Participant: 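Starting off with a structure, shown below.
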Amino acid sequence: MELRKYKADDAQVIVKWLKNEYAFRQWSADRYESYPITADDINNYYSQYSDDELYKLTAVDEDEIIGHLTIRFIDDERKIARLGFVIVDDTKRGNGYGKQLVSSALKYAFDELKADKVTLGVFENNTPAVCCYLSCGFKIVEKEITESYQCMGEIWNCIEMEVIR
């Protein structure tokens with residue numbers, strides 16, 4: 001598996017992995033207004049950001065798209081990177097691709113982008129993702145105020161996680 005720069009055509013594949021609104025909201029929280037989304041919705045969202053504001057990456061295995069994520073800096077010094085929109089082809093889950101995707105993203109953030117810390121937020125109801133992140137070296141960070149989102153008529157709490165170089 002390797003990471004490459006996201007291409008607009010990748011969105012046509014990614015939207016097929018979002019088979020229900022629950023999985024969609026776990027992936028995107030409230031970043032998109034309604035479900036389902038289209039490839040154009042993803043590309044329009046991404047077009048708001050320059051390539052050095054939001055690093056959009058696609059994971060491929062022998063030219064087959066198997067995952068996607070973004071990385072952005074959340075500090076002015078560009079030392080703290082944040083992963084977002086992490087997703088693996090739902091038909092390939094359970095085969096270690098998630099761990100490979102996240103591990104590759106960490107390597108990219110530390111080696112290429114020269115980040116000192118990588119963070120992410122994951123909903124506490126997404127146990128497989130939490131386990132994946134823990135297996136990649138992320139640690140849970142206690143925050144004074146828990147970030148929460150209104151999703152599907154419920155309040156979903158986020159777990160904050162980080163890896164320090």
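Values below: all heavy atoms of this structure, side chains included; hydrogens, waters and symmetry mates excluded. Fair warning: this is a prediction, and the values are worked out from it, not measured in the lab.
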Participant: If you compare all heavy atoms of Ile66 against all heavy atoms of Tyr97, which two are closest, and at what distance to 0.1 Å?
Facilitator: CD1-CD2, 3.1 Å
Participant: In terms of ring plane angle, is the pair Phe85 and Tyr46 parallel, tilted or perpendicular, where the classes change at 30° and 60°?
Facilitator: perpendicular
Participant: If only side-chain N and O atoms count, and only distance matters, is there a donor-acceptor pair under 3.5 Å linking Gln26 with Asn125?
Facilitator: yes
Participant: Identify whether the distance between the nearest side-chain nitrogen and carboxylate oxygen of Asp51 and Lys5 falls below 4.0 Å.
Facilitator: yes
Participant: Once you round to the nearest 0.5 Å, how far does CG of Leu57 lie from OG of Ser104?
Facilitator: 10.0 Å
Participant: Does the side chain of Ser50 pick up a donor-acceptor pair with the side chain of Glu53 at under 3.5 Å?
Facilitator: yes
Participant: Compute the centroid of each ring, for Trp156 and then for Phe123, and state whether the two points are separated by less than 6.0 Å.
Facilitator: yes
Participant: May I ask you to check whether over 12 heavy atoms, not counting those of Lys107, lie within 6.0 Å of atom NZ?
Facilitator: no
Participant: Return the minimal non-hydrogen interatomic distance between Ala8 and Asn43, and the atom names on each side.
Facilitator: O-ND2, 3.1 Å
Participant: Verify the neighbour count for atom CD of Glu62: are there more than 12 heavy atoms of other residues, nucleotides or ligands below 6.0 Å?
Facilitator: no
Participant: To the nearest 0.5 Å, what is the distance between CG (Leu106) and CG (Leu120)?
Facilitator: 8.5 Å
Participant: Do the rings of Tyr32 and Tyr45 sit parallel, tilted or perpendicular, given the 30° and 60° boundaries?
Facilitator: tilted
Participant: Take Lys92 and Glu64 through the salt bridge (Lys or Arg N to Asp or Glu O under 4.0 Å) test and state the conclusion after the steps.
Facilitator: CA-CA 11 Å; Lys92 298 191 178 334; Glu64 181 183 8; 3.1 Å; yes
Participant: Under 4.5 Å between any side-chain heavy atoms of Thr70 and Val86, yes or no?
Facilitator: no
Participant: Tell me if the CG atom of Asp30 is crowded by more than 12 foreign heavy atoms within 6.0 Å.
Facilitator: yes
Participant: Could you walk me through whether Thr58 and Asp10 pass the side chain to side chain donor-acceptor pair (under 3.5 Å) check?
Facilitator: CA-CA 8 Å; Thr58 298; Asp10 296 348; 2.6 Å; yes
Participant: Looking only at heavy atoms, which two atoms of Val102 and Cys132 are closest? And how far apart?
Facilitator: CG2-SG, 4.3 Å
Participant: Atom CD in Gln12, atom CG in Asp40: separation rounded to 0.5 Å?
Facilitator: 8.5 Å
Participant: Could you verify whether a donor N or O on one side chain and an acceptor N or O on the other, from Thr38 and Asp41, lie under 3.5 Å apart?
Facilitator: yes
Participant: What's the shortest heavy-atom distance between Val118 and Ala109, and which atoms?
Facilitator: CG2-CB, 3.6 Å
Participant: At their closest point, which heavy atom of Ser148 faces which heavy atom of Ile155, and how far apart are they?
Facilitator: CB-CG2, 3.8 Å
Participant: Going through the checks in order, is the side chain to side chain donor-acceptor pair (under 3.5 Å) test met by Asn20 and Tyr35?
Facilitator: CA-CA 8 Å; Asn20 59 63; Tyr35 174 84; over 6 Å; no
Participant: Can you tell me how far apart OH (Tyr6) and NZ (Lys56) are? Round to the nearest 0.5 Å.
Facilitator: 8.5 Å
Participant: How close do Val122 and Ala129 get, counting heavy atoms only, and between which atoms?
Facilitator: CG2-CB, 3.8 Å
Participant: As an exercise, state the distance from NZ of Lys114 to CZ of Arg78, rounded to the nearest 0.5 Å.
Facilitator: 13.5 Å
Participant: Tell me whether Gln48 at atom CD has more than 12 heavy atoms from other residues, nucleotides or ligands lying less than 6.0 Å away.
Facilitator: yes
Participant: So which of Lys139, Lys117, Arg82 actually passes salt bridge (charged side-chain N to carboxylate O under 4.0 Å, His left out) with Glu160?
Facilitator: Arg82
